[in-house]
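Below is one structure, written out as structure tokens; the observations come after it.
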Amino acid sequence: MGRYSEVFRRSLADPEGFWGEAAKGIDWYHQPTVVLDASNPPFYRWFADGILNTCFNALDRHVRDGRGSQPALIPDSPVTGTCRSFTYQELLDEVARFAGVLRGLGVGAGDRVIIYLPMIPEAVVAMLACARIGAVHSVVFGGFAAHELAVRIDDAAPKVVVSASCGIEVSRIVEYKPILDSAIELAAHKPDRCVIVQRPQAAAALVAGRDLDWEQAMAGAEPADCVPVAATDPLYILYTSGTTAKPKGVVRDNGGHAVALRWSMEHIYDTGPGEVYWAASDVGWVVGHSYIVYAPLLAGCTTVLYEGKPVGTPDAGAFWRVIAEHRVKTLFTAPTAFRAIKKDDPAGELARQHDLSSFRYLFLAGERLDPETYRWAGDLLGVPVIDHWWQTETGWPIAANLMGLEPMPTKAGSPTVPVPGYDVRVVNTDGDEVAPGKTGEIVVRLPLPPGCLPSLWRDDERFVDSYLSRHPGFCITGDGGYRDSDGYLYVMGRIDDVINVAGHRLSTGEMEEVLASHPAVAECAVIGVNDELKGQIPRGFVVLKAGVRADPAALSTELVQLIRDQIGPVAALRRVDVVAGLPKTRSGKILRKTMRGIADGQDEPIPSTIEDPAVLSALRPVLADSG
Ligand code: COA
Ligand code: AMP
């Protein structure tokens, strides 16, 4: 038996022995004696009596063990033309001081703090400062609009919001503060205080009595020490798109998260103390939480925080420059980034202008890795290109080629095999396992391994309804796919209303709700269609209310803007067609899958349940027009 098979088998046969051993990679105030508390299924708790502090493990421990002068964080920002470096000692000092600021504002263990920041070091400092005092952070991605931020403020009910005057999108200044102000106005819950980072590119007007300037607050702050918390206490809430308009507040606990991420750095990413790890993502997404901030620091690595794009900051050689300059060993990004680079520099000439000798691994996730991009990247770079599959709910990979355990031959289109701890099955609608090669729903048998969501924020019922009730004893992933006869997994895409646009997870249901709120719209549909660069992009279709007269072009522009204003630019809905009707089943269900198939140029069969085939015939040319 190979090493992978042996370790995988043991992780499922003896999860307590397996994870109990992995827990030794973490410093505990009280070493857990209960590895898995399974007394209240389907709610499982890892390391139930363990006591630790995640920030201590990410910073203090390394300083204690002699890594104080090693770079911990390298914020590299081509959009501002700056590059900085914080050693472990320097980062610890900043974090302890900001923890003191938060404490001075009345934030204690269990209180929530919303972080709405661009890719600046203060984002990392604020996250770790929350962890230090046992507060629960909830980072909101900067590309979301005020309404989305308000929804999250209302759900998390933060005491404090940390934000900045602006973000920078290539060369466009995006003022964050007006977005924050209107979100607070829209929200029913009002945070007590806001701490604002004033960036030189834009000054934010501060609200007297509520807003504090980050620098001034830091100047007078007393450093705060780590607070011991229970392994099962929440570390953060990260909202993610579900099938309805209301985002799901995925909860991450402290103990399981620390143990799983530490294990993953060694066994999946093969990257250890002193080595440089770069996740080119955003702290607002789960990849940013796990692999920009927590995992590399838990492992004693140097992590790169990149404020820029793969192209345009200044060109398609940006990633190669960062790898060469900071001696990056491991890069993790989304396939879209590589498609963007390939589009601008198809022959990869810019890569050859840099010394990439430190570079060992390219990990890709966030969306399906198309075989062409996989081959292009592998040929150009000559390093293993590892497709791995995971989601916000799990916080770390479900399937991967485990570089630190037993590298396996790769197969284009497959994220290889289930990671130890994940009992992955492919089932039909009745929950029965399907044969190799047959497509079905991908589910994971309970208990999920450490690090995965224990529940949704203050909503156990929704957690059970959304993930656990469809196939009792299993957690659904929302993805469909199959396994081949060698056990390799193929993840073919979402089977719900979630789409992946440039690696960003979005809900078509939420976009439909926004379109339907327009007074001229009687009904609508939003579908994700294939896109060469972004993998998928949304397209909207609306039917007008009887008697409404509107110029289709003007209405379309208005609806595109409405989505931008309500959800944010990240939704990337650029086209809405005004159509005479939407194809439906006889029971009134819109045939979105059929629409998607036609828009993607597939030979889509007309379902026998269709109510009026003429409606679909009339829509066909609009769907087929990809311009
Ligand atoms: N703050 C404010 N606005 C933001 C933002 C942020 N943090 N992030 C994105 N936006 C805006 C962009 O400016 C853009 O606005 P526009 O419509 O006015 O141009 C819109 O949201 C869409 O952004 P994005 O999806 O990034 O598309 P893009 O066209 O700007 O760039 C790529 C395309 C491929 C270069 C880019 O998507 C990319 O780098 N993808 C890498 C994938 C990635 O990081 N995924 C994260 C998960 S691993
Ligand atoms: P997020 O929660 O934003 O990380 O998005 C998770 C979703 O992205 C998954 O449910 C998949 O649909 C998709 N995804 C992530 N990684 C992969 C991958 N390697 N292959 C295919 N789809 C992926």
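Just follow the structure's listing: the first ligand is 1, and inside any ligand the first atom is 1. The shown structure was predicted, so the numbers you read here are calculated from the model rather than taken from an experiment. Along the sequence shown, residues carry numbers from 1.
Closest protein heavy atom to atom 10 (O) of ligand 2: Asp479 OD2, 2.5 Å. Protein heavy atom closest to atom 44 (O) of ligand 1, with residue, atom name and distance, is Ala280 O, 3.7 Å. For atom 3 (O) of ligand 2, the nearest non-hydrogen atom of the protein is Arg505 CB, 3.3 Å. Nearest to atom 41 (C) of ligand 1 among the protein's heavy atoms is Ala337 CB, 3.9 Å. With respect to atom 1 (P) of ligand 2, the closest heavy atom belonging to the protein is Thr392 OG1, 3.4 Å. In this structure, atom 7 (C) of ligand 2 lies nearest to the protein heavy atom Asn500 ND2, 3.8 Å.
Under the 30°/60° scheme for interplanar angles, the aromatic rings of Phe141 and His504 are found to be tilted. Phe463 and Tyr467 have tilted rings, their planes meeting at an angle from 30° to 60° on a 0 to 90° scale. Using bins of under 30°, 30° to 60° and over 60° for the plane-to-plane angle, the ring pair Tyr236/His289 lands in the tilted bin. Relative ring orientation between Trp263 and His267 is described as parallel, the plane-to-plane angle staying below 30° on a 0-90° scale split at 30° and 60°. Ring-plane geometry between Tyr422 and Trp396 is classed as tilted, the angle between the planes lying from 30 to 60 degrees on a 0 to 90 degree scale.
Close contacts of ligand 1 with Val570, meaning ligand atoms under 4.0 Å from a residue heavy atom, involve 21 (O). Within ligand 2, counting atoms from 1 as listed, the ones closer than 4.0 Å to a heavy atom of Trp390 are 6 (C), 9 (C), 15 (C), 16 (N). For ligand 2, the atoms closer than 4.0 angstrom to any heavy atom of Val286 are 4 (O). Against a heavy-atom cut-off of under 4.0 Å, Gln391 is close to the following atoms of ligand 2: 2 (O), 4 (O), 6 (C), 9 (C), 10 (O). Close approach to Gly143 involves these atoms of ligand 1, each under 4.0 Å from a residue heavy atom: 1 (N), 2 (C), 3 (N), 4 (C), 5 (C), 6 (C), 7 (N). Near Thr336, the atoms of ligand 1 lying under 4.0 angstrom from a non-hydrogen atom of the residue are 34 (C). Atoms of ligand 1 lying under 4.0 Å from any heavy atom of Gly503, numbered from 1 in the order shown and given with element: 47 (C).
Scanning Ala502, Gly308, Gly568 for the heavy atom closest to atom 42 (C) of ligand 1 points to Ala502. Distances from atom 23 (C) of ligand 2 to the heavy atoms of Glu367, Arg494, His504 show the closest one on Glu367. For atom 26 (O) of ligand 1, the candidate residues are Lys309, Arg172, Glu307, Lys534; the nearest heavy-atom contact is made by Lys309. For atom 8 (O) of ligand 2, the choice among Gly535, Gly366, Gly478 with the nearest heavy atom turns out to be Gly366. Considering only non-hydrogen atoms, atom 18 (O) of ligand 1 lies nearest to Arg564 out of Arg574, Lys343, Arg564.
The shortest N/O to N/O separation between Thr240 and ligand 2 does not fall below 3.5 Å. Not one N or O of Ser281 is nearer than 3.5 Å to an N or O of ligand 1, by distance alone. Checking only distances, Glu169 does come within under 3.5 Å of ligand 1, N or O to N or O. In terms of N/O distances under 3.5 Å, ligand 2 is approached by Asp387.
Aromatic pair Phe319/Trp278: ring centres closer than 6.0 Å. Here the two rings, on Tyr269 and Tyr291, have centers that are under 6.0 Å apart.
Counting only heavy atoms from C-beta outward, the side chains of Leu448 and Glu393 never approach each other to under 4.5 Å. At least one side-chain heavy atom of Val283 sits under 4.5 Å from a side-chain heavy atom of Leu305. Within the 4.5 Å cutoff, no side-chain heavy atoms of Phe144 are placed close to those of Leu149.
Taking all atoms of both residues into account, the shortest heavy-atom contact from Cys194 to Leu180 is SG-CD2, 4.2 Å.
Counting heavy atoms closer than 4.0 Å to ligand 1, residue Ala572 contributes nothing at all. The proximity of Val498 to ligand 2, defined as any non-hydrogen pair under 4.0 Å, does not occur for either the backbone or the side chain.
There is a protein heavy atom closer than 4.0 angstrom to atom 35 (C) of ligand 1.
Heavy-atom distances between Pro310 and ligand 1 reach below 4.0 Å in at least one pair. Heavy-atom distances between Gly142 and ligand 1 reach below 4.0 Å in at least one pair. Heavy-atom separations between Trp285 and ligand 2 are all 4.0 Å or longer. In this structure, Phe332 has no heavy atom closer than 4.0 Å to ligand 1.
Remark: the backbone N or O of Val491 is not paired with any side-chain donor or acceptor of Asp479 at under 3.5 angstrom. Asn401 contributes a side-chain N or O that, together with a main-chain N or O of Met408, makes up a donor-acceptor pair within less than 3.5 Å.
Atom CD of Glu513 sits in a sparse spot, with 12 or fewer heavy atoms from other residues, nucleotides or ligands closer than 6.0 Å. Atom CD of Glu325 has more than 12 heavy atoms from other residues, nucleotides or ligands within 6.0 Å.
In summary, the side chains of Asp155 and Tyr239 do present a donor paired with an acceptor at a separation below 3.5 Å, with no hydrogens or angles considered.
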